[in-house]
Amino acid sequence: MIITIASFKGGVGKTTSAIHLCQYFATRKPKRRVVLADGDPNRTVIDWAESSPFDLPFAVADASGELPEYEILVVDTPARTEPNELADLIESSTLLLIPSKVDIFDVRATLALADTLRPYPNRYRILLTGLPPRGKRLLNAALELFNEKELQVFKSGIQHFTVYRDAAYEGIPVGRYSEAGKRAMQDYEEIGSQILKGWKDG
Ligand SMILES: Nc1ncnc2c1ncn2[C@@H]1O[C@H](COP(=O)(O)OP(=O)(O)OP(=O)(O)O)[C@@H](O)[C@H]1O
Ligand SMILES: [Mg+2]
């Protein structure tokens, strides 16, 4: 299974999603060989993994080089994908995961892709990230706009927690960082479990 994580605006949680989904896939039984391929020329994932004080349960590799064997491959991509690359990304992946914040500028950047995404309802999902901890007003407003355009969105999202930034500094997946991190990780566990149930091609 190949999960590509891409977005049409930078800084929406692609790399954070890639790391924490890999952490989930690699530690949930039965254990699977998981590879996180860094496709960002900034080498964000590679540098993060090198800064980690732990042996990670998944392998990290440069997406442009040779990849270790995998059962699940997660590909992190550069800050912003061009809309004309979208169809290729979908064709080369089991699932294209598109993180989007619920701020209107982020939502509009994703809505602009509706026509390209519509023919592939089972090959992509939008993942709402950085959700405000209180109040569902923005979440509901974003969901309504995505629904109007028949875009497929995961029913649950990723809440905003400061622990993501703190843990990233130390090269530690949030679930191993603190109790607050374990709580934050539950959002990714829910998404990871939906992916394993919904996209079973190995
Ligand atoms: N759910 C969250 N709550 C709080 N902070 C978050 C969350 N997700 C990510 N962050 C923080 O937001 C910043 C951007 O996240 P990240 O690097 O994952 O985004 P990105 O889409 O990969 O960015 P880029 O487009 O630059 O590659 C990081 O500092 C990260 O720690
Ligand atoms: Mg990134």
Side-chain angles (χ1 to χ4, degrees), residues 1-7 10-79 81 89 92-100 123-130 154 156-159 161 163-178 181-202:
M1 164 153 80
I2 301 178
I3 301 164
T4 304
I5 305 189
S7 70
V12 295
K14 288 179 296 295
T15 301
T16 302
S17 298
I19 288 170
H20 292 94
L21 286 174
C22 282
Q23 178 72 17
Y24 173 75
F25 294 142
T27 51
R28 182 183 179 278
K29 291 198 174 89
K31 287 217 172 142
R32 298 168 176 82
R33 266 185 310 233
V34 178
V35 173
L36 202 181
D38 189 347
D40 187 340
N42 288 327
R43 293 171 47 97
T44 316
V45 173
I46 293 171
D47 290 345
W48 172 83
E50 281 173 2
S51 78
S52 181
F54 301 134
D55 283 335
L56 296 167
F58 51 88
V60 168
D62 186 334
S64 60
E66 202 173 314
L67 296 177
E69 251 187 76
Y70 62 81
E71 286 154 287
I72 300 182
L73 174 67
V74 175
V75 185
D76 186 27
T77 64
T81 293
L89 280 188
S92 63
S93 313
T94 318
L95 172 67
L96 175 68
L97 192 76
I98 307 174
S100 173
R123 301 288 293 276
Y124 79 91
R125 281 292 177 278
I126 295 164
L127 174 63
L128 296 175
T129 57
F154 277 112
S156 64
I158 308 299
Q159 295 169 78
F161 285 110
V163 67
Y164 284 105
R165 286 196 173 85
D166 296 338
Y169 243 92
E170 315 219 0
I172 301 176
V174 285
R176 293 190 65 178
Y177 183 75
S178 64
K182 285 197 181 109
R183 166 64 198 90
M185 183 62 193
Q186 287 174 7
D187 289 347
Y188 280 109
E189 287 163 0
E190 174 58 31
I191 298 301
S193 130
Q194 288 186 41
I195 292 174
L196 292 180
K197 280 190 208 129
W199 285 270
K200 285 188 191 126
D201 74 347

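Note that this is a predicted model, so its numbers are computed, not measured.
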Could you pull out all residues at least two apart from S92 that satisfy side-chain contact (heavy atoms from CB on, under 4.5 Å)? none
Output yes when a side-chain donor or acceptor of T94 lies under 3.5 Å from a complementary backbone atom of I2, and no otherwise. yes
Looking only at heavy atoms, what is the nearest atom pair of P53 and G171, with distance? CD-O, 3.8 Å
Check for a donor-acceptor pair, side chain of K14 on one end and backbone N or O of A79 on the other, with a separation under 3.5 Å. yes
Any side-chain heavy atom of R43 sitting closer than 4.5 Å to one from E50? yes
Does any part of the side chain of V163, heavy atoms only, come nearer than 4.5 Å to the side chain of S178, both counted from C-beta? yes
Give a yes or no on whether the backbone of A18 and the side-chain of D76 come within a donor-acceptor separation of less than 3.5 Å. no
Flag the pair S156 / D187 as yes when at least one side-chain heavy-atom distance between them is below 4.5 Å, and no otherwise. no
I'd like to check I3 versus W199 (side-chain heavy atoms, cut-off strictly below 4.5 Å). Are they in contact? no
Distance from I195 atom CD1 to L127 atom CG, nearest 0.5 Å? 8.0 Å
How many angstroms lie between CD1 in I126 and OG in S7, if you round to the nearest 0.5 Å? 11.5 Å
Ignoring hydrogens and angles, state whether a donor on the side chain of E190 or Q194 is under 3.5 Å from an acceptor on the partner side chain. yes
Under 6.0 Å from the six-membered ring centre of F161 and within 45° of its axis: does the NZ or CZ of R183 meet both? no
Would you say D40's side chain and N42's backbone share a donor-acceptor pair under 3.5 angstrom? yes
If I take atom NE2 from residue H20 and atom OH from residue Y24, how far apart are they, to the nearest 0.5 angstrom? 14.5 Å
